[in-house]
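A short write-up of the structure that comes next.
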Amino acid sequence: MSKLENIKGVIFDLDGVICFTDQYHFLAWKEIADKEGIEFNEAINERLRGVSRAESLEIILEKATREYSAEEKTALMEQKNNIYKEHLKDMLPTDLSKEVKDTLDELRARGLKLAIGSSSKNTEFILERIGLDGFFDKISDGKNIINSKPDPEVFLKAADMIELKPEECLVIEDAEAGIHAAVSGGFHNAGIGSASKYAKTENAIASFRDILELV
Ligand code: G6P
Ligand code: MG
């Protein structure tokens, strides 16, 4: 891995990059799917990575045996989020790994601007749970976008907020939709976890600390 030229900021996806909420999303959607008698498993859950709540529900409803009205969908999303938020209360600052915290501190010490670019509307709540509230320079999340990943909107807004051009930012992602969003927005990207294997991943990283070799 070699250093990228002229990187002035890093934009982090949240779920699957800074912290691990997959299991909680899975448990909450599973409870909803079971109640509705809809098949749902880990493979379907994998497709929800980086995708908005509304689009996640559409993916789950592909297995439904009847149509759902807009009102029913809104109600299901609300129920799912309530269950999910109850699970999030189990998250503690000790759920933030030392590797992630030390790497973020080192990036900050190097003078890089640090932002979040997440589809989640629970971003602020999650950051609070893991003790990172107030840490990032700016937060672009599911609350300030119309189009979710793979649309680049969330990252373009993040870059705008930290006053950098896309090509001056490195996006860190674990989802294919997120890597596509970074590429179509003109950002450099590093893929971690599942995203280390995607065709459009520019820099596959095995570990969070590897970001330090890229910037
Ligand atoms: C992240 C997760 C997705 C989730 C989305 C919306 O991108 O990877 O699985 O669907 O956020 O999350 P929310 O907290 O708004 O329901
Ligand atoms: Mg993610």
Side-chain angles (χ1 to χ4, degrees), residues 12-91 116-127 129 139-158 171-185 189 191-201:
F12 301 88
D13 171 51
L14 180 64
D15 299 276
V17 170
I18 300 282
C19 60
F20 300 91
T21 49
D22 282 35
Q23 44 167 343
Y24 302 129
H25 278 295
F26 177 76
L27 290 171
W29 281 126
K30 179 82 178 130
E31 202 171 319
I32 298 293
D34 285 352
K35 181 171 76 68
E36 295 297 314
I38 301 170
E39 180 193 342
F40 181 63
N41 53 38
E42 293 280 359
I44 299 172
N45 194 56
E46 188 63 25
R47 290 176 57 206
L48 311 184
R49 212 182 271 281
V51 167
S52 73
R53 199 179 307 164
E55 285 162 292
S56 297
L57 178 61
E58 293 300 336
I59 292 172
I60 288 162
L61 292 181
E62 285 172 11
K63 296 274 183 198
T65 50
R66 67 170 180 91
E67 291 292 310
Y68 283 74
S69 68
E71 291 73 27
E72 284 178 306
K73 288 179 185 174
T74 305
L76 289 179
M77 283 192 282
E78 195 183 324
Q79 287 163 28
K80 184 268 174 177
N81 199 48
N82 290 338
I83 301 166
Y84 176 59
K85 284 188 86 169
E86 277 306 309
H87 287 300
L88 288 180
K89 288 183 187 161
D90 292 342
M91 286 186 98
I116 291 284
S118 164
S119 306
S120 175
K121 293 184 174 159
N122 291 300
T123 296
E124 307 250 11
F125 185 68
I126 295 168
L127 290 176
R129 296 302 313 160
I139 292 169
S140 173
D141 66 14
K143 288 184 174 166
N144 71 337
I145 53 167
I146 296 165
N147 308 300
S148 84
K149 302 168 189 174
D151 190 285
E153 185 179 4
V154 76
F155 294 139
L156 292 171
K157 290 215 162 124
V171 164
I172 317 294
E173 262 293 347
D174 71 310
E176 189 165 26
I179 293 288
H180 286 174
V183 171
S184 70
N189 74 69
I192 193 165
S194 328
S196 55
K197 61 174 188 276
Y198 299 129
K200 291 197 175 182
T201 298

Does [X] have more than 12 heavy atoms from other residues, nucleotides or ligands lying within 6.0 Å of its [atom1]?
{"X": "E67", "atom1": "CD", "value": "no"}
{"X": "E31", "atom1": "CD", "value": "no"}
{"X": "E78", "atom1": "CD", "value": "no"}

Euclidean distance, [Y] [atom2] relative to [X] [atom1], rounded to 0.5 Å:
{"X": "K30", "Y": "I44", "atom1": "NZ", "atom2": "CD1", "result": "9.0 Å"}
{"X": "D13", "Y": "N189", "atom1": "CG", "atom2": "CG", "result": "12.0 Å"}
{"X": "E46", "Y": "F26", "atom1": "CD", "atom2": "CZ", "result": "11.5 Å"}
{"X": "I126", "Y": "Y24", "atom1": "CD1", "atom2": "OH", "result": "10.5 Å"}
{"X": "I139", "Y": "N144", "atom1": "CD1", "atom2": "CG", "result": "10.0 Å"}

Between D174 and R49, is a salt bridge (Lys or Arg N to Asp or Glu O under 4.0 Å) present by the stated rule, with each step listed?
CA-CA 8 Å; D174 71 310; R49 212 182 271 281; 2.8 Å; yes
Between [X] and [Y], is there a donor-acceptor pair closer than 3.5 Å when you use the side chain of the first and the backbone of the second?
{"X": "E72", "Y": "S69", "value": "yes"}
{"X": "E173", "Y": "A175", "value": "yes"}
{"X": "T201", "Y": "K197", "value": "no"}
{"X": "S56", "Y": "S52", "value": "yes"}
{"X": "E153", "Y": "I146", "value": "yes"}
{"X": "N122", "Y": "F125", "value": "no"}
{"X": "S119", "Y": "S148", "value": "no"}

Residue pair [X] / [Y], side-chain heavy-atom distance below 4.5 Å:
{"X": "R129", "Y": "D90", "answer": "no"}
{"X": "F40", "Y": "L48", "answer": "yes"}
{"X": "I38", "Y": "Y68", "answer": "yes"}

Requested in this report: Would you please test T123 and I116 for side chain to side chain contact (heavy atoms under 4.5 Å, CB included) and show each step?
Outcome: CA-CA 9 Å; T123 296; I116 291 284; 3.9 Å; yes
Tell me, please, whether F155 has K157 positioned over its six-membered ring: NZ or CZ under 6.0 Å from the ring centre and within 45 degrees of its axis? no
Quiz prompt | Taking every non-hydrogen atom, the tightest pair across S120 and S118 | solution =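 Closest heavy-atom pair between S120 and S118: N-OG, 2.9 Å.
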From the list R53, R47, K63, K73, salt bridge (Lys or Arg N to Asp or Glu O under 4.0 Å) with E58 holds only for K73
> Should L14 and L127 be marked as a side chain to side chain contact (heavy atoms under 4.5 Å, CB included) after you check the CA-CA gap, both sets of side-chain angles, and the distance that decides it?
Replying inline: CA-CA 9 Å; L14 180 64; L127 290 176; 3.8 Å; yes
